[in-house]
A.B. asks: 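Below is a structure I'd like to ask you about.
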Amino acid sequence: MKFPEYLFNFCEGEEKQETKAIVVILMGLPGSGKSTFCDHVMRSSSRPWARICQDTINNGKSGTKLQCLSSATSALKEGKSVLVDRCNINKEQRVDFLKLGGAKVEKHAVVLDFPAKLCISRSVKRTGHEGNLQGGKAAAVVNQMVPKKELPKLAEGFARINFCQDEKDVKESINVYGLLGPLDSLPSGCFGNKNSDTKTQLGIMKFLKKVEPSSNAGSEPTISQKLIPNEISPGKDSGLQGTEKASDLTGVAHKKLEEAAAASDDIPTLAFPSISTADFQFNLEKASDIIVEKVEEFVGKIGKAKLVLVDLSHKSKILSLVKTKAEQKNIDTHKFSTFVGDITRLRSLKGLHCNVIANAANWRLKPGGGGVNAAIFSAAGSELDIATKEKADCLSPGNALVVPLPSSSPLFTREGVTHVIHVLGPNMNPQRPDCLKDDYVHGSELLRKAYTSLFEGFSSIVRSNIEVHYTNDDHKLKREAAYEFDENKKYKGCEQDTQPGLSDFRDVRKIPDEKVSLETTKTWGSWAQALYNIAMHPENHTKVVLETLDDVVVMNDAYPKAKRHILVLARAKGLDSVADVHIEHISLLKSMHDVGLKWAQKFLNEDKSLSFFRLGYHSVPSMRQLHLHVISQDFDSGHLKNKKHWNSFNTPFFIDSVDVIKELDEVGKVTLKNDKFLSMELRCHKCKSAHPNIPRLKAHISSCQASFPTDLLQNSRLVSSEDITYFCE
DNA sequence: GTTCTAGAAC
DNA sequence: GTTCTAGAAC
């Protein structure tokens, strides 16, 4: 079949226009974050990418360089750009990839140049690595690789090289490639700092004063130096300033400026409209007081993140009121500012990147109506409507609902908005539903609550991003932030909100969490709610509850797996498991531990034959509500019936309470273990001998005379009667 | 989390 | 034949 010539020409023309595929060759030691880099770029990019990963190319297992080359060639033929995710540690390793696609395909290098020590510690600690490179083996591989390391040079055939030496550099680089549209190209040359010799100790260089942070040893200026003529600082003034600066630039330069601004200044930022003051006619003086009060409360809690109050008009009274009051209170202008602009066009028109925007929603969470709500729903496309409907049907005043924005939404691609937080404030307008008339006591209370919910929602997103940032190497974490607050938390619908009698019903009707989340959020079956119900209403469960305190409830495990097995439940809402634990929970964990110790001591005093207790958490618990197991080490119980029972207390799946507290204190997060440990072979917890089945194992442990392994004897992981006499009552 | 049970392992 | 595991249902 012969195609008409015009069609052929058309196709050819199309192809020429679209073939801007590039090959990005990553370079870095195992544990340097190459795969994470790829994940982030591919998630935010509108350009088609293929990740060629040697660790998984062989049907999920590690393959050969040849397989990588062939797979990359196919991807290029399909018009995809390629991320070469392998170590590519020296020139020899890279040379064949530089030939891919011939001269017309640009080759870029992204160098993740972190100290070997850091890479080793990351790759040793990780579990579930795609290429199974973890533990001691990883350390050996990294050490072997270090001497062979050879940084890439433009002369090898690279059009562009990005050197990254810290997380900030990596983030910038992710932004540069993540924002690269299908037809865009990037400036050539070397970007970022590179050490001429990474083996040189930085300390010595500093001592000799030979290192200047901004010097590039002959390489070209960094992207920020090159592309940003002046710092864009929306924090200092209204948006006009930024526009004026940008207006001198050509269209292309303007675009680059935005990219650079996004890349260099990607601090989490929430843009929010004034709630309730437009259509809901809330008194502006009162509203501005509440905004400033709540902003002041939250700027201290959100780290580096920023809050920006946005209104369309220069003449906005609420904006000027808030600005004046914020100045009077000396609120840090880097953390909080007011901004004039369209909340749906902040990046594209004003160069202000806000990754989260708040919507002054209506109670039905529906598009339309006018004002900010109409504008946001219209700018975000049907994606926002669908994503919102998946999470809730309606919203009651004072509440907020965090909705992760699908990457296909125009608001995501054009403005870089990753989340929309719907907020419903109080209504003072008699023409609208639920009018409070002039009840400003209730109205102010609701408006405060609305801002609290909004800022808490934002702060969870920030926290979640940080967590991803730190743990992605270990967990391949692809968690999306999504938190709801108060009555809306994790439930769909709000009809029951005003009916207290149904509160228990609501406890068990948890809707499966957002589908995008993978490892750390999970769906709890109705049977998994029991501990939650007990923690919330211990007075209704006196048969099992041993002790009720302000922050914890102590109870007998309903199916004890040893002679003594109790649970210490946290009473805080929103703490389903260790995965939800953050640094601010450390004092709660310590008090759970202390209460657990006290009970262990009591049991040891009552029955000396119990000898030892262990206190710890399951990495992935079956029951909702954070609970600490306090369990005697005899494991003499008819309820201990299967492999999962045994392994959940006798493999690294069980994390000692002392280690959880230590890691939280030192690293700020807790590393969870894979549930693959649950299917491991059965081994005696003392002598470590293996046994074919549970009955044989139980027969063995009932008579094993060995002492506990040394790791358990350290750091008070095992509790015996000698350890904790000072807790004795 | 448990219970139930089919079928694998012995 | 009995014992034991593992997956589904709750």
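Every chain is numbered from 1, with letters handed out A, B, ... down the list of sequences.
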A.B. asks: Looking only at the aromatic ring of each residue, does the gap between the centers of A/Phe654 and A/His685 stay below 6.0 angstrom?
C.D. replies: no

A.B. asks: For DNA chain B, determine which residues of residues 558-569 of chain A have any heavy atom closer than 4.0 angstrom to one of its atoms, and list them numerically.
C.D. replies: A/Tyr559, A/Lys561

A.B. asks: Passes salt bridge (Lys or Arg N to Asp or Glu O under 4.0 Å), A/Glu547 versus A/Lys602? Steps please.
C.D. replies: CA-CA 13 Å; A/Glu547 184 181 18; A/Lys602 179 176 147 67; over 6 Å; no

A.B. asks: With a cut-off of 6.0 Å (strictly less than), are more than 12 heavy atoms of other residues, nucleotides or ligands near NZ of A/Lys686?
C.D. replies: yes

A.B. asks: Can you see whether A/Arg51 engages A/Ser35 through a side-chain donor-acceptor pair at a distance of less than 3.5 angstrom?
C.D. replies: yes

A.B. asks: Assign A/Leu531 to base, sugar-phosphate, or nothing according to its heavy-atom contacts below 4.0 angstrom with the strands shown.
C.D. replies: nothing

A.B. asks: For a 4.5 angstrom cut-off between non-hydrogen side-chain atoms, does A/Phe653 reach A/Val620?
C.D. replies: yes

A.B. asks: Checking A/Gln633 against A/Ser611 for the side chain to side chain donor-acceptor pair (under 3.5 Å) test, could you report, in this order, the C-alpha distance in whole Å, the side-chain angles of both residues, the deciding distance, and whether it holds?
C.D. replies: CA-CA 8 Å; A/Gln633 294 296 292; A/Ser611 306; over 6 Å; no

A.B. asks: Looking at residues 625-647 of chain A, who's got a heavy atom less than 4.0 Å off DNA chain B?
C.D. replies: A/Lys641, A/His645

A.B. asks: With sequence neighbours excluded, tell me which residues meet salt bridge (Lys or Arg N to Asp or Glu O under 4.0 Å) with A/Lys301.
C.D. replies: A/Glu297

A.B. asks: For residues A/Ser460 and A/Val402, determine if any side-chain heavy atom of one lies less than 4.5 Å from a side-chain heavy atom of the other.
C.D. replies: no

A.B. asks: What distance separates A/Asn362 CG from A/His422 NE2, expressed to the nearest 0.5 Å?
C.D. replies: 9.0 Å

A.B. asks: Going from NZ on A/Lys644 to CZ on A/Phe677, what distance comes out if it is rounded to the nearest 0.5 angstrom?
C.D. replies: 15.5 Å

A.B. asks: Please produce a list of atom pairs where a protein N or O lies less than 3.5 Å from an N or O of nucleotides 7-10 of chain B.
C.D. replies:
none

A.B. asks: Can you tell if the side chain of A/Pro538 reaches within under 4.5 Å of the side chain of A/Arg571, non-hydrogen atoms only?
C.D. replies: yes

A.B. asks: Any protein N or O atoms within reach of nucleotides 1-3 of chain C? Criterion: under 3.5 Å, listing atom names and distances.
C.D. replies:
none

A.B. asks: Once salt bridge (Lys or Arg N to Asp or Glu O under 4.0 Å) is applied, do any residues pair with A/Asp659, and if so which ones, sequence neighbours excluded?
C.D. replies: A/Arg717

A.B. asks: In this structure, how many angstroms lie between the C1' atom of C/dA6 and the CG atom of A/Leu682, rounded?
C.D. replies: 13 Å

A.B. asks: If you define the side chain from C-beta out and look only at heavy atoms, does anything of A/Phe37 sit under 4.5 Å from A/Val41?
C.D. replies: yes

